[in-house]
Protein chains: 2
Amino acid sequence: MAPAASRPGVLARRMLGVPKNFQGNAEIFGQGEPVDYLYEVVSGAVRSTKVLSDGRRQIGGVYFAGDIFGLEHGNEHSLGAEAVVPSTIRVIKRRTLVQLTADDRALAEDLLAMAMCQVERMHRHELMLIMTAQERVNSFLTEMGQRISIGDVISLPMSRQDIADHVGLTIETVSRIFTDLAGGLTIRLTSARMIVLRDRPARERGTGRGGLLD
Amino acid sequence: MAPAASRPGVLARRMLGVPKNFQGNAEIFGQGEPVDYLYEVVSGAVRSTKVLSDGRRQIGGVYFAGDIFGLEHGNEHSLGAEAVVPSTIRVIKRRTLVQLTADDRALAEDLLAMAMCQVERMHRHELMLIMTAQERVNSFLTEMGQRISIGDVISLPMSRQDIADHVGLTIETVSRIFTDLAGGLTIRLTSARMIVLRDRPARERGTGRGGLLD
DNA sequence: CGACGCCTTGATAAATGTCAAACGTCGTGG
DNA sequence: CCACGACGTTTGACATTTATCAAGGCGTCG
């Protein structure tokens, strides 16, 4: 339902920051780098990643048009960020933005709201991570359905590996659950990255967030 | 190393909010209730919980003296909060606090910093949730070691069930890992809730966050 | 002393990860 | 236009981890 393209964010609406282009898989900032800028997706898709010394990778979040990322407390990024596909990103100096909030109270409130939005998204992510494999994949699909579907069709920008690292499973488990869901008529797989959502009620039942207590 | 008691937080330092007492296991606010107040632990311990309709429970975070909780974006609490042990909590109206930020720029910045602190804590929690059972329990102990140990001794306020729900495991698995760690000389269990940290290097190796890429 | 709550331990089942191979698709070059 | 190769995805057999079910121990408080 949500429009996939051109959803201006807090920065774009105010014409803040400068748009920059990145190729697919290009690094936007690396983990451990100083936190000097704030970023907003104009078009494309971005993943935030953390790589452990043994090679395990976590994808903390995926960001689409209008989403803010790079907001952190410390002086160093604990997660890096990479473009998933060719993307345009608005970049603004953190200090500049903070200075602007002195005059612009609405901007200050938007900033706090964004931080809390981030907290909320992370709550959902955390919740997903304690659920079963089926529920995790279902949650992922439901979230993508809300964020980037056109009608009932989701065009996934990311690989199975990206999904696996986001939901905390292996690529094989994710793949198996996709085929299970397709067999059960919950989704239809036009191709590996083209997904048609079919039975929304069934899928939402499968997210483990039943009724009242969601 | 960290002092367990009397670590005044943002509200206490400014004498904001009114202190209120809660018994152990008393509800401070329920999930689904409107977000009208902000809370700060003066003494004791608080857990934020989410209960799913099928009875599964997640403990999103545990809060000790000086910690803020109850900060959310939406109008309803997506997680509830309960005192773990008898606790004193400062309570302040959210609106009041927001109004105060108009005059007090430092307060506004503290508020944003707290939100980002929360984001950081959640990042660590998320990361923990994709690791193995051993690593999760090790991470938990290391975090408690940093936050509430006196010397090398941790006095846990919460039950095994609370720990299990926080790290996304069953109570049995948590218990087994505790005894394994005690057998391996990483910790010593004076009693079920009295833990002496022994081999810090070994434990930190066991958190899965090796070297550079932490 | 007894009962209750919490914690531990054991046996077994279920879920997920690992390793290996086959399959498809897409772009390149013959 | 077709063949080939690279890469991502799917599938299968098997190993490992963790959950489940059940029982027993331990400490505390009446």
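What you see is a predicted model; the values in this text were computed from it and never measured. In what follows, chains carry the letters A, B, and so on, assigned in the order in which the sequence lines appear, proteins first and then strands, with residues in each chain numbered from 1.
Distance check: B/L11 CG to B/L38 CG gives 6.0 Å after rounding to the nearest 0.5 Å.
Cation-pi geometry between B/R160 and B/F178 is met: under 6.0 angstrom from the ring centre, within 45 degrees of the axis.
Among A/R188, A/R200, A/R198, the single residue meeting the side-chain hydrogen bond (donor to acceptor under 3.5 Å, both in side chains) criterion with A/D152 is A/R200.
Protein atom CG of A/D165 is 13 Å distant from nucleotide atom P of D/dG8, rounded to whole Å. For the pair A/R160 CZ and D/dT10 C1', the interatomic distance rounds to 9 Å; values are reported in whole Å. Rounded to an integer number of Å, the gap from A/Q161 CD to D/dT10 P is 13 Å.
One finds a salt bridge joining B/R147 and B/D67 here, because a Lys/Arg side-chain nitrogen approaches an Asp/Glu carboxylate oxygen to under 4.0 Å. With salt bridges taken as basic N to acidic carboxylate O contacts below 4.0 Å, none links B/R205 and B/E135.
Partners of B/H77 under the ring-ring contact (aromatic ring centres under 6.0 Å, His included) rule, at least two apart in sequence or in another chain, are B/F29. Residues passing the ring-ring contact (aromatic ring centres under 6.0 Å, His included) test with A/F69, sequence neighbours excluded: A/Y39, A/Y63. For A/D36, the side-chain contact (heavy atoms from CB on, under 4.5 Å) criterion is met by A/P34, not counting sequence neighbours.
When atom types are taken as modelled, the side chain of A/E76 and the backbone of A/V35 share no donor-acceptor pair closer than 3.5 angstrom. The main-chain N or O of B/V46 is never found under 3.5 Å from a side-chain atom of B/E82 such that the two would form a donor-acceptor pair.
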Starting at the 5' end of nucleotides 15-20 of chain D, put B wherever the base has a protein heavy atom under 4.0 Å, S where only the sugar-phosphate does, and a dash everywhere else. ---SSB
Nucleic acid footprint by protein, nucleotides 24-30 of chain D - heavy-atom cut-off 4.0 Å, B for base, S for sugar-phosphate alone: -------
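A 4.0 Å heavy-atom criterion places the boundary nucleotides of DNA chain C facing chain B at C/dC6 to C/dA11, written 5' to 3'.
In this structure, A/S175 reaches the bases: a heavy-atom distance under 4.0 Å links it to at least one base atom across the strands shown.
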